[in-house]
Engineer: 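So that we are looking at the same thing, I have put the structure below in structure tokens.
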2 protein chains.
Amino acid sequence: MKRLAQELNLSIATVSRALQDSYEVSPQTKERVRALAAELNYQPNAYASSLRRNLSKTIGVVIPEVNNHFFSLAINGIEEVARQSGYHVLIYLSHDDYEREVDITHYLTGGRVDGLLMSVASETRDFDHLLKLYASKPAIVFFDRVCDALSTAQVTTNDYESGYQATQHLIEAGCRHIAHLLVSGNLSIGRMRMQGYQTALHDHGIAFDETLVLSGDRDDERNTERVMELLRTRPEVDGIFASVERLAISSYQACNNLGRAIPDQVKIIGFSNLGVAALLDPALTTITQPAYEIGREAARILLHAIEKKKPILPSQSLVLKSELFRRRSTAS
Amino acid sequence: MKRLAQELNLSIATVSRALQDSYEVSPQTKERVRALAAELNYQPNAYASSLRRNLSKTIGVVIPEVNNHFFSLAINGIEEVARQSGYHVLIYLSHDDYEREVDITHYLTGGRVDGLLMSVASETRDFDHLLKLYASKPAIVFFDRVCDALSTAQVTTNDYESGYQATQHLIEAGCRHIAHLLVSGNLSIGRMRMQGYQTALHDHGIAFDETLVLSGDRDDERNTERVMELLRTRPEVDGIFASVERLAISSYQACNNLGRAIPDQVKIIGFSNLGVAALLDPALTTITQPAYEIGREAARILLHAIEKKKPILPSQSLVLKSELFRRRSTAS
DNA sequence: CTGTTAGCGCATTCAT
DNA sequence: ATGAATGCGCTAACAG
């Protein structure tokens, strides 16, 4: 910028204003400045600008994992909205680990981001780190795996209903002994989905059996083993409702390993955003969340609040609808 | 920091040094500073520091899409290495669109990142934007979809051999009319994989038929249609080698739509990192790239260069190996 | 071991 | 419509 000013015989201030398209600079000067800036391939130093304006034009995204279609689609939506508004996106993965999540929230304290989109780790039980982070300013919007301890907006799906529908789907398909794989008792999505499961059982006159509920682990291998064990000790199980994609896949593998035919002996339904990939197997019925839209809407709420410098209210929360998805039968 | 200095009756400089664990400050003072900093939940302003040191401790990742297991696994590896080294990761998606890629490289000019990991868009034919970006300093490492125009390191896989093996796999399975779905003639991965295909055909005495090669589009629906058209006009096609996951899925759907049994009538092999999801269907044989490792190694090369302030040499390039992956048969 | 000073690049207030 | 001066929060060179 110094260089621009010198070569054009202008002050740095004028150059700065010209580049910001300020009304108080003559059109010709603006043009001259722009022309030279383009020629020199000038780009302003984002950090100097951030420091001065106390605004980073950057948002952070904290999610458990990226190797999961739900989250990668959500990122897609987030990135899209951010790009359109000129924001940059920092990404952090908690791997569903509480310690990592705490570390991440520490890095984020201190103005690096203007706002944050977050889906909390399944291991997280304690929200002190989030409260601390929240105290340090940035706007926060939770999506999917929310934290009720903070008074802010959250974008979720109709988990209770989806859980109900999923269970009902299995019951109507003839299942009477339905296991439930819970993602985590800590997460509201887990609790909601499970409530739907319980109520559906009840409404159809099936007794709720606590021993058919398995709480998922971070380790996929272990999950598969535990499902196998359940299937061995409880051979009457004829249906599985998995509350997240990873657990659905573990169920699938467990059945395969034990030679239980899907869907003849055991029917599986699971939350999943495998998308086209799910088309590959007719045996897996999925509940698909509108992941892209979730990311997009969460980002919109966040950026809107940042731009207007208004706090985010819980009343801005959104509940989108998931879709029960069955593969059309293979053409004969 | 000002506040810390005041409350402790120290100069700002001393506080700064204490927080950096400088050797020229007394242990007791360090402790006092740290204690108060922790108590006040102080976090340094990263942008002020970046401005001063001309170092952002941030790297950028530019990829075509994130909703793809190859790239999301790569990000996983990248994030892991970055986190360990205290770096932050900015993510940008080009959606395989040339214009977007150009825009992104513009944002990135100007010190926002210390380095860049990049996989170029399939539409990109012209590398001026990359050369301009490169001129503006940041270290760049390409992975998978590389750009040979820049003299820097790249992390790739043995694409020629994989293409050869994939084709050979189909030939050995009895295929004689093998179509190839090319990701893009612009990309070296496309060219390498196709060369493997051609050579394998030749080595097995099968004539190369140019009309059996389809160049992929950005639109998945269109790809499916084009494969369907190919299968209709060329009913003798009994094998498809898809050079990327999306094209493999399109092939799969095209066959389904037309009622061509997989793998009885048409065999499909494709590059894919669907991972566990691919386990779902025995009909799809995949070539799996070590995506996580690619991301990790690329990030290592990049961060190493940044920390040592040394330029990245093409000789640091790495070639990892992909794996032919067939699903074990379903337990009976 | 600690304090003083200067300046990173930019945006802004005040003056002209 | 433009320029001069100030400071964002931090680091580093220099002085003691």
Side-chain angles (χ1 to χ4, degrees), chain A residues 1-34 36-37 40-58 86 88 107-114 136-138 307 309, chain B residues 1-34 36-37 40-58 86 88 107-114 136-138 307 309:
Chain A
M1 206 157 100
K2 226 181 326 190
R3 175 146 169 233
L4 286 181
Q6 253 169 355
E7 302 214 6
L8 294 168
N9 279 321
L10 289 170
S11 74
I12 293 182
T14 306
V15 173
S16 172
R17 280 186 284 240
L19 291 171
Q20 288 172 79
D21 203 17
S22 159
Y23 63 95
E24 49 179 350
V25 56
S26 80
Q28 317 128 48
T29 315
K30 271 187 200 170
E31 214 21 77
R32 285 207 308 148
V33 173
R34 281 200 196 123
L36 189 62
L40 296 184
N41 202 20
Y42 164 82
Q43 284 297 126
N45 180 311
Y47 297 128
S49 171
S50 293
L51 179 59
R52 181 59 232 252
R53 307 171 88 139
N54 201 25
L55 249 183
S56 64
K57 279 275 181 185
T58 303
H88 298 249
Y107 306 147
L108 255 27
T109 314
R112 193 178 276 272
V113 296
D114 297 335
S136 94
K137 295 279 191 198
E307 303 260 274
K309 299 187 190 221
Chain B
M1 208 157 100
K2 227 182 324 188
R3 178 151 165 227
L4 285 182
Q6 253 170 354
E7 303 213 5
L8 294 169
N9 279 320
L10 288 170
S11 75
I12 294 183
T14 307
V15 173
S16 171
R17 281 185 287 237
L19 291 171
Q20 288 173 77
D21 204 16
S22 159
Y23 62 96
E24 49 179 349
V25 57
S26 81
Q28 318 126 49
T29 314
K30 270 187 200 170
E31 216 19 79
R32 287 206 308 149
V33 172
R34 278 198 198 128
L36 189 61
L40 296 184
N41 202 20
Y42 164 83
Q43 285 296 127
N45 180 312
Y47 297 129
S49 168
S50 292
L51 180 59
R52 184 58 230 256
R53 311 172 84 141
N54 201 24
L55 248 183
S56 65
K57 278 275 181 185
T58 303
H88 297 250
Y107 307 147
L108 256 25
T109 314
R112 193 177 276 273
V113 296
D114 298 334
S136 93
K137 296 279 190 197
E307 303 262 89
K309 299 184 192 225

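Atom set for the values below is all heavy atoms of this structure, side chains included, hydrogens, waters and symmetry mates excluded. Each chain gets a letter, A, B and so on, in the order the sequences are listed, and its residues count up from 1.
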Engineer: Mind calculating the distance between CG (B/Asn9) and C1' (C/dT2) to the nearest angstrom?
Structural biologist: 13 Å
Engineer: Between A/Leu10 and B/Ala46, who's closer to the 5' end of DNA chain D by nearest nucleotide?
Structural biologist: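 Comparing both residues, the 5'-ward one is A/Leu10.
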Engineer: Please give, in whole Å, the distance from C/dG9 P to B/Leu55 CG?
Structural biologist: 13 Å
Engineer: I need the CZ-P distance between B/Arg3 and D/dC10, as an integer number of Å.
Structural biologist: 13 Å
Engineer: A/Tyr42 side chain N/O closer than 4.0 Å to the phosphate oxygens (OP1, OP2) of C/dC10?
Structural biologist: yes
Engineer: With A/Ile12, which of A/Gln6, A/Arg17, A/Lys2 fulfils side chain to side chain contact (heavy atoms under 4.5 Å, CB included)?
Structural biologist: A/Lys2
Engineer: So does A/Thr14 get a side-chain nitrogen or oxygen closer than 4.0 Å to the phosphate oxygens (OP1/OP2) of D/dT2?
Structural biologist: no
Engineer: Side chain of B/Ala48, heavy atoms from C-beta onward: which of D/dT2, C/dA11, D/dG9 has the nearest atom to it?
Structural biologist: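 For B/Ala48, the side-chain atoms sit closest to D/dG9.
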Engineer: Compare side-chain N and O positions of A/Ser16 against OP1 and OP2 of C/dA11 and report whether any pair is under 4.0 Å apart.
Structural biologist: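 Indeed, a polar side-chain atom of A/Ser16 lies that close.
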Engineer: Hey, is the side chain of B/Thr29 poking within less than 4.0 Å of OP1 or OP2 on C/dC1, counting only N and O atoms?
Structural biologist: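 The answer is no; no side-chain N or O of B/Thr29 sits under 4.0 Å from OP1 or OP2.
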Engineer: Counting only side-chain N and O atoms of A/Ser11, is one of them less than 4.0 Å from OP1 or OP2 of D/dT2?
Structural biologist: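 No, A/Ser11 has no side-chain N/O under 4.0 Å of OP1/OP2 on D/dT2.
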Engineer: Expressed as a whole number of angstroms, how long is the span from A/Ile12:CD1 to C/dT12:P?
Structural biologist: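 Going from A/Ile12 (CD1) to C/dT12 (P), I get 15 Å.
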Engineer: Closest nucleotide of DNA chain C for A/Arg53 versus for B/Glu24: which of these residues is on the 5' side?
Structural biologist: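 In this pair, the answer is B/Glu24.
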Engineer: What does A/Ser26 touch in the nucleic acid at a heavy-atom separation under 4.0 angstrom: a base, only the sugar-phosphate, or nothing?
Structural biologist: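 The answer is sugar-phosphate, as A/Ser26 gets under 4.0 Å only of primed atoms, P, OP1 or OP2.
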Engineer: Rounded to the nearest 0.5 Å, how far does CG of A/Leu19 lie from CG of A/Leu4?
Structural biologist: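 So the gap between those two atoms works out to 6.5 Å.
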Engineer: In whole angstroms, how far is the C1' atom of D/dA12 from the CG atom of B/Leu51?
Structural biologist: 14 Å
Engineer: Are any side-chain N or O atoms of A/Ser56 and backbone N or O atoms of A/Ser50, one a donor and one an acceptor, separated by less than 3.5 Å?
Structural biologist: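 No; judged by distance alone, with no hydrogens or angles, the pair does not exist.
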Engineer: Check whether the side chain of B/Arg17 and the base of C/dG3 form a donor-acceptor pair under 3.5 Å.
Structural biologist: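 When only heavy-atom distances are counted, B/Arg17 does reach the base of C/dG3 through a donor-acceptor pair under 3.5 Å.
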Engineer: Taking the nucleotide of DNA chain C with the closest heavy atom to each, which residue, B/Tyr23 or A/Lys2, is nearer the 5' end?
Structural biologist: B/Tyr23
Engineer: Expressed in angstrom and rounded to an integer, what is the separation of A/Tyr47 atom OH from C/dA11 atom C1'?
Structural biologist: 19 Å
Engineer: For A/Gln20 and C/dC10, is the shortest distance between a side-chain N/O and OP1 or OP2 below 4.0 Å?
Structural biologist: no
Engineer: Give the rounded distance in Å between these two atoms: CZ of A/Arg112 and C1' of D/dG9.
Structural biologist: 14 Å
Engineer: Around atom CZ of B/Arg34, are there more than 12 heavy atoms of other residues, nucleotides or ligands at under 6.0 Å?
Structural biologist: yes
Engineer: What's B/Asn45 touching, base or sugar-phosphate or nothing? Going by heavy atoms closer than 4.0 Å.
Structural biologist: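 The answer is sugar-phosphate, as B/Asn45 gets under 4.0 Å only of primed atoms, P, OP1 or OP2.
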Engineer: Could you give the CE-to-P distance, from A/Met1 to C/dT12, as a whole number of Å?
Structural biologist: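 These atoms are roughly 11 Å apart.
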Engineer: Any sub-3.5 Å donor-acceptor pair from A/Asp114's side-chain atoms to A/Leu55's backbone N or O?
Structural biologist: no
Engineer: Verify, without hydrogens or angle tests, whether B/Thr58 (side chain) and B/His88 (backbone) share a donor-acceptor contact under 3.5 angstrom.
Structural biologist: no
